[in-house]
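Before any comments, here is the structure.
Numbers here simply count residues along the sequence, with the first being 1.
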Amino acid sequence: MQGFSEFIRSLGAPRIAAMGAVTIAMVGFFAFLILRVTAPQLTPLFTDLSFEDSSAIIKDLERQGIPYEMKNDGAVVMVPKDLVPRLRMKLAESGLPKGGGIGYEIFDKSDALGATSFVQNINHLRALEGELSRTIRAIDRVQAARVHLVLPERPLFSREKAEPTASIVLKVRGMLEAQQVRAIRHLIASAVNGLKPERVSIVDEAGRLLADGAANDDGGGIGADERKTGYERRIRDQVEAIVTSVVGPGRARVQLTADFDLNRITQTSDRYDPEGRVVRSSQTREESSSTSNGKDGQVTVGNELPGAQRSADAGGSSPSDQNKKTEEIVNYEISRTTKTEVIESGRVNRISVAVLVDGVYEKNDKGDIAYKPREKEEIDRIASLVRSAIGFDQKRGDQVEVVNLRFAETPSGAIPEPAGWMSMFQFTKEDMLRGIELLVMGLLGLGVLLMVVRPLVRRVLSAEQQASLPSPNAALLAAAVAGAAAAGNPLTPEIKAAIAQVDTENLKGVPSHTAKMIDIAQVQGQVHAQSVQKVGELSDKNPNETVSIIRQWLHDSAA
């Protein structure tokens, strides 16, 4: 303990303070590294949370004592990776997250006895709007949604009924496709009784009108340009898929243009078949009449009077004329065909396809990648496949052009997928980030050890060794003191002055070091003098043995 206390005093207060500060800093740094490395890996529990759902989830996590971390102003909640499945099931049991709206759970804790019909209708409307908002948020690229429904009631004694309408405000990531907008409109219309898709208005967060609810959209929201674009995209994808399967992924470029006829034509034609006669109706009429030249046949006033007697001609009857008339009318129905043909807009008049394929890259004798164009026979086969894919019609004027040219960028080598035990080395992005983090921390710790701790330890050890080694002046003084002591001579004034000067110049702050060395030298000199004196006494008593020993030494040194 006395040596340790002397060592501490020999270091000095500034050096002890510096060593203490470095020790505290190193302990804190390595404690941070240990805590960081041993800390559980956090992964998102839920993303795109509303403030209500985020606060409810955090309250539940704090109640369970589970560590968490928030990002993006509370929209993302991070928890330990091994607890994610259990926490999601536990929160789903509690109805979290609710999605930032109120659904049909509004009726779970309501007092049905004290609620009026007006309150029930309002709650039903709120629940329907909340459920529709949750359903719309499930669509890709939709981040948030608000739905407003207007369900008018039919007044009493009114023949007209107002149609329901809907307004939707969307917060999207990027841009929604027209097909997704139509899907949202039909989704809302199918969920609300009596609502038509054309009565649904959709607006995004920037105020852009995605669907006009006031327009009469008989075509279901499919415009001519959209139909043309969709047709071109579908055919282009088919052609690109079949070409890339031959030349390789990324080695083909396909451009397709379709000429559409956007005119809507209605044609009505009547066709008559003269051979196909059918009797529709038949009418026959017969007439007969007779006329006489005598008086009997005459109409007179006397003949028409009642009770008058016709006078007979003594000479006999006069001759008369007989007339007979027959008339027949037959109506025929001729077969007639009426054809009404409606040709909708969007007919394809012509298709033009341009396909650019890259060549083949092979290694030459030097090991470099060399370009090689494709054979004409292979290009012709690709063109034949393209014609079959688009439904090529020469009468329609379709054009297909397949050209082989070298691309500007050189293809990168394909990386084979690992199989078997190599699949164990497949790392995700999170695993790679975690490994990089641990590597950086390890390098920092190693750098601190090599650049800070090691120089400090070496400096302390070298200072201790230098303090333990005697200075040259102190060693010379110690030798002089030992020689004087061995000769039995007292210390001269010069030696005493030199001892005082060395103590003042070199060992200030350690005043006992030179004194100890001088004391030790005096003791060693006295012991040496006593040994010499004893050897002289032995040689005086035994001269013959002394002479033989000295001769032996001389003989050994000569040999």
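Here the OH-OG distance, from Y332 to S281, works out to 10.5 Å after rounding to the nearest 0.5 Å. Distance check, rounded to the nearest 0.5 Å: OG1 of T165 to CD1 of I188 gives 12.0 Å. With values rounded to the nearest 0.5 angstrom, I168 atom CD1 is found 9.0 Å from R185 atom CZ. Remark: L91 CG to L45 CG distance equals 6.0 Å, nearest 0.5 Å.
The minimum heavy-atom distance between M78 and K71, with the atom names listed, is CE-NZ, 4.2 Å. Between V181 and A211, the shortest heavy-atom distance links the atoms CG1-CB, 4.0 Å. Nearest approach of R208 to D204, heavy atoms of both residues: N-OD1, 2.6 Å.
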Quiz item: Could you go step by step and tell me if E232 and R236 meet the salt bridge (Lys or Arg N to Asp or Glu O under 4.0 Å) rule?
Solution: CA-CA 6 Å; E232 291 178 349; R236 183 171 57 251; 5.0 Å; no
Exercise. Let me see the working for D380 and K376 under salt bridge (Lys or Arg N to Asp or Glu O under 4.0 Å), right down to the final yes or no.
Key: CA-CA 6 Å; D380 294 339; K376 186 178 182 302; 3.2 Å; yes
Practice problem: Mind running side-chain contact (heavy atoms from CB on, under 4.5 Å) on L132 and L149 for me, showing each step along the way? | Solution: CA-CA 10 Å; L132 291 176; L149 300 177; 4.0 Å; yes
Exercise. Report the C-alpha separation of K171 and E205 in whole Å, then their side-chain angles, then the decisive distance to 0.1 Å, and conclude whether the salt bridge (Lys or Arg N to Asp or Glu O under 4.0 Å) test is met.
Key: CA-CA 5 Å; K171 183 179 180 182; E205 74 278 7; over 6 Å; no
Practice problem: Take I265 and V342 through the test side-chain contact (heavy atoms from CB on, under 4.5 Å) and record every step on the way to the result. | Solution: CA-CA 6 Å; I265 302 174; V342 179; over 6 Å; no
Self-check item: Worked verdict on K395 versus D393 for salt bridge (Lys or Arg N to Asp or Glu O under 4.0 Å)
Solution: CA-CA 6 Å; K395 297 180 180 180; D393 189 358; over 6 Å; no
Practice problem: For I351 and I235, run side-chain contact (heavy atoms from CB on, under 4.5 Å): C-alpha distance rounded to whole Å, both residues' side-chain angles, the deciding distance at 0.1 Å, then the answer. | Solution: CA-CA 10 Å; I351 299 177; I235 300 299; 5.5 Å; no
Practice problem: Could you go through the side-chain contact (heavy atoms from CB on, under 4.5 Å) check for V355 and V239 one step at a time? | Solution: CA-CA 9 Å; V355 180; V239 173; 4.3 Å; yes
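Side-chain contact, R350 with S352: a donor N or O sits under 3.5 Å from an acceptor N or O. Remark: the E362 side chain and the Y371 side chain contain no N/O donor-acceptor pair separated by less than 3.5 Å. Side-chain contact of D60 with Q64: a donor-acceptor pair under 3.5 Å is present, judged by distance alone.
In E287, the CD atom is crowded: over 12 heavy atoms of neighbouring residues, nucleotides or ligands sit closer than 6.0 Å. For CD of E341, the number of neighbouring non-hydrogen atoms (other residues, nucleotides, ligands) closer than 6.0 Å is greater than 12. Atom CD of Q255 sits in a sparse spot, with 12 or fewer heavy atoms from other residues, nucleotides or ligands closer than 6.0 Å. The number of heavy-atom neighbours closer than 6.0 Å to CD of E401, taken from other residues, nucleotides and ligands shown, is 12 or below. With a 6.0 Å radius and a threshold of 12 heavy atoms from other residues, nucleotides or ligands, Q179 has its CD atom at or below the threshold. More than 12 non-hydrogen atoms from other residues, nucleotides or ligands lie less than 6.0 angstrom from CG of D273. Atom CZ of R271 has 12 or fewer neighbouring heavy atoms from other residues, nucleotides or ligands inside a 6.0 Å radius.
Considering only heavy atoms from C-beta on, V400 comes within 4.5 Å of F392 through its side chain. Between V254 and D237, every side-chain heavy-atom pair lies at or beyond the 4.5 Å cut-off. Looking at heavy atoms from C-beta onward, V386 lies in side-chain contact with V243 at the 4.5 angstrom threshold. Looking at heavy atoms from C-beta onward, L83 lies out of side-chain contact with Y68 at the 4.5 angstrom threshold. In this structure the side chain of L176 reaches within 4.5 angstrom of the side chain of V142, judged on heavy atoms.
For the salt bridge (Lys or Arg N to Asp or Glu O under 4.0 Å) test with D358, the passing option among R251, K372, R406 is R251; the others fail.
Of the charged side-chain nitrogens involved, none lies within less than 4.0 Å of a carboxylate oxygen, so that R381 and E378 do not count as a salt-bridged pair. Of the charged side-chain nitrogens involved, none lies within less than 4.0 Å of a carboxylate oxygen, so that K325 and E286 do not count as a salt-bridged pair.
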